[in-house]
Amino acid sequence: MGQFGKYINRRFPTLAMHLINRPSAKRRYKNSLEKSVVNGDILTPKSDETSLVFFSLHKAGSAIGTQLLSKLHEDIGLKHINYDGYFSSCYPEGKELYKDDAFLNRAYQNKGFFYGAHRNYISIPMLDKYKVLLQVRDPRDLLVSHYHGTIFINKIHQKKGVHAKRRALRLGLDGHVLDLAPRFKAVYQNYMQHLDMKQVGLLKFEDMVLNPDVWLSQISSYSALTYSESSLSFCQSRLNQKTDGSSTSHHRKAKPGEFKQVLKPETIDALNKEFEDVLKFFSYTI
């Protein structure tokens with residue numbers, strides 16, 4: 001998106017939604033596999049390689065993680081499928097299909113595809129036949145990042161995004177993170193309840209930011225795949241990319257523990273209580 005598009009999204013989100021974001025998304029997904037499957041087609045794999053599912057959360061590095069994982073697995077022969085992206089930008093009511101067994105059975109094949117990012121648990125049939133990666137982030141930092149994403153960054157495709165931006169501005173940072181804490185706690189708990197962590201490759205946003213080589217090696221170790229040097233080089237370059245750290249940058253790369261500097265002590269205490277089980281489960285310090 002050019003600077004003009006960014007400006008319109010920031011200052012006039014409703015106008016941007018109608019004139020820029022929705023038309024662009026419809027063009028992008030016009031002839032997509034996602035759209036054809038929603039319309040009743042069945043995915044046909046063109047590779048015998050085991051499919052990979054990427055679970056994460058909003059503001060846990062899911063967007064860049066998806067981009068890099070897609071690049072890594074493209075050479076392996078896994079076709080990228082992004083239902084979340086299609087639903088959020090073109091067909092919001094389509095998220096109800098995640099509860100439809102008929103859709104799930106035609107939309108997911110355990111050979112030949114890279115699915116993601118899914119930003120909540122999806123009950124994919126025979127998930128044990130897939131390779132599964134889960135990327136998480138300290139929920140306290142995640143909520144701070146979500147605030148910046150809501151008021152400064154996100155391209156809005158639906159009216160609820162406009163309302164969310166107005167609500168975030170009204171509540172302010174501390175009010176916003178407390179308002180959304182129960183919603184995100186439920187996402188973490190869905191993963192904790194439904195995923196067998198012994199069979200899942202666990203990734204952390206913190207490693208992606210601070211230790212890109214470790215993050216990439218964890219992916220290789222879990223998948224047992226050999227990625228091309230060009231793909232690995234691309235990923236390393238992308239992860240090491242410098243940013244200005246401004247609040248309006250989509251890739252702020254805020255340092256882990258940012259919440260300690262920007263939230264009120266009483267807000268941090270409330271979040272520690274709210275996420276106590278989550279923080280312990282994923283080995284974050286309270």
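The figures that follow rest on heavy atoms only: side chains count, while hydrogens, waters and symmetry mates do not. Worth saying up front: this structure is predicted, and the values here are computed from it rather than measured.
Every residue meeting the salt bridge (charged side-chain N to carboxylate O under 4.0 Å, His left out) condition with Lys99, not counting sequence neighbours, appears here in chain and number order: Glu96. Taking Asn272 as the reference, Arg140 meet the side-chain hydrogen bond (donor to acceptor under 3.5 Å, both in side chains) condition, with sequence neighbours excluded. Every residue two or more places apart in sequence or in another chain that forms a ring-ring contact (aromatic ring centres under 6.0 Å, His included) with Tyr86 is listed here: Tyr29. Listed by chain and residue number, Asp196 satisfy the side-chain contact (heavy atoms from CB on, under 4.5 Å) test with Gln199 (two or more places apart in sequence, or in another chain). Residues passing the ring-ring contact (aromatic ring centres under 6.0 Å, His included) test with Phe103 are Tyr83, sequence neighbours excluded. For Asp84, there are no salt bridge (charged side-chain N to carboxylate O under 4.0 Å, His left out) partners at least two apart in sequence or on another chain. Remark: Arg106 pairs with no residue by the salt bridge (charged side-chain N to carboxylate O under 4.0 Å, His left out) rule, at least two apart or across chains. Partners of Asn39 under the side-chain contact (heavy atoms from CB on, under 4.5 Å) rule, at least two apart in sequence or in another chain, are Lys35.
Between Gln109 and Ile42, the closest side-chain pair of non-hydrogen atoms falls below 4.5 Å. Within the 4.5 Å cutoff, the side chain of Leu202 has heavy atoms near those of the Met197 side chain. Counting heavy atoms from C-beta outward, Val144 and Leu263 have side chains that approach closer than 4.5 Å. At a threshold of 4.5 Å between non-hydrogen side-chain atoms, the residues Leu134 and Leu203 do not count as touching. Looking only at side-chain heavy atoms (C-beta outward), Asp174 and Glu266 stay at 4.5 Å or farther from each other. Between Glu274 and Lys185 there is a side-chain heavy-atom pair separated by less than 4.5 Å. At least one side-chain heavy atom of Leu104 sits less than 4.5 Å from a side-chain heavy atom of Ile122. Considering only heavy atoms from C-beta on, Phe234 comes within 4.5 Å of Gln67 through its side chain.
When all heavy atoms of Gly257 and Asp141 are compared, the closest pair comes out as N-OD2, 2.7 Å. Between Thr66 and Phe114, the shortest heavy-atom contact is O-CE2, 3.8 Å.
Residues in residues 175-194 take part in these ring-ring contact (aromatic ring centres under 6.0 Å, His included) pairs, two or more places apart or across chains: Phe55-Tyr191, Tyr121-His194, His146-His176, His146-Phe184, Tyr147-His176. For residues 41-51, no residue pair satisfies the side-chain hydrogen bond (donor to acceptor under 3.5 Å, both in side chains) rule, not counting sequence neighbours. Residue pairs that meet the side-chain hydrogen bond (donor to acceptor under 3.5 Å, both in side chains) test with at least one member in residues 277-286, sequence neighbours left out, are Gln189-Asp277, Glu206-Tyr284, Glu276-Lys280.
At a threshold of 4.5 Å between side-chain heavy atoms, the hydrophobic network of Ile, Leu, Val, Met, Phe, Trp and Tyr places Leu143 and Leu171 in two separate groups. Hydrophobic cluster membership is shared by Ile286 and Met192, with clusters built from Ile, Leu, Val, Met, Phe, Trp and Tyr side chains linked at under 4.5 angstrom. Linking ILVMFWY side-chain heavy atoms closer than 4.5 Å, directly or via other members, places Leu279 and Leu180 in a single hydrophobic cluster.
Within the 6.0 Å centre-distance limit, the rings of Tyr98 and Phe87 are counted as a close aromatic pair. For an aromatic pair to be called close, the ring centres must be under 6.0 Å apart, and Phe54 with Tyr115 fails this.
A donor and an acceptor atom, one from each side chain of Trp215 and Gln236, are nowhere located under 3.5 Å apart. Side chain to side chain, Ser62 and Arg119 meet the donor-acceptor criterion of an N or O pair below 3.5 Å.
The one candidate from Thr267, Ile268, Val177, Leu173 that meets the side-chain contact (heavy atoms from CB on, under 4.5 Å) condition with Val262 is Leu173.
Applying the 6.0 Å contact sphere to CD of Glu229 captures no more than 12 heavy atoms from other residues, nucleotides or ligands.
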Indicate every side-chain donor-acceptor pair of residues 70-81 with a distance under 3.5 Å to a residue at least two apart or in another chain.
residue	atom	partner	partner atom	Å
His73	ND1	Leu69	O	2.8
His73	NE2	Tyr227	OH	2.9
Asp75	OD2	Ser228	OG	2.5
Asp75	OD2	Ser231	OG	2.7
His80	NE2	Gly116	O	2.7

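With salt bridges taken as basic N to acidic carboxylate O contacts below 4.0 Å, one links Asp179 and Arg167.
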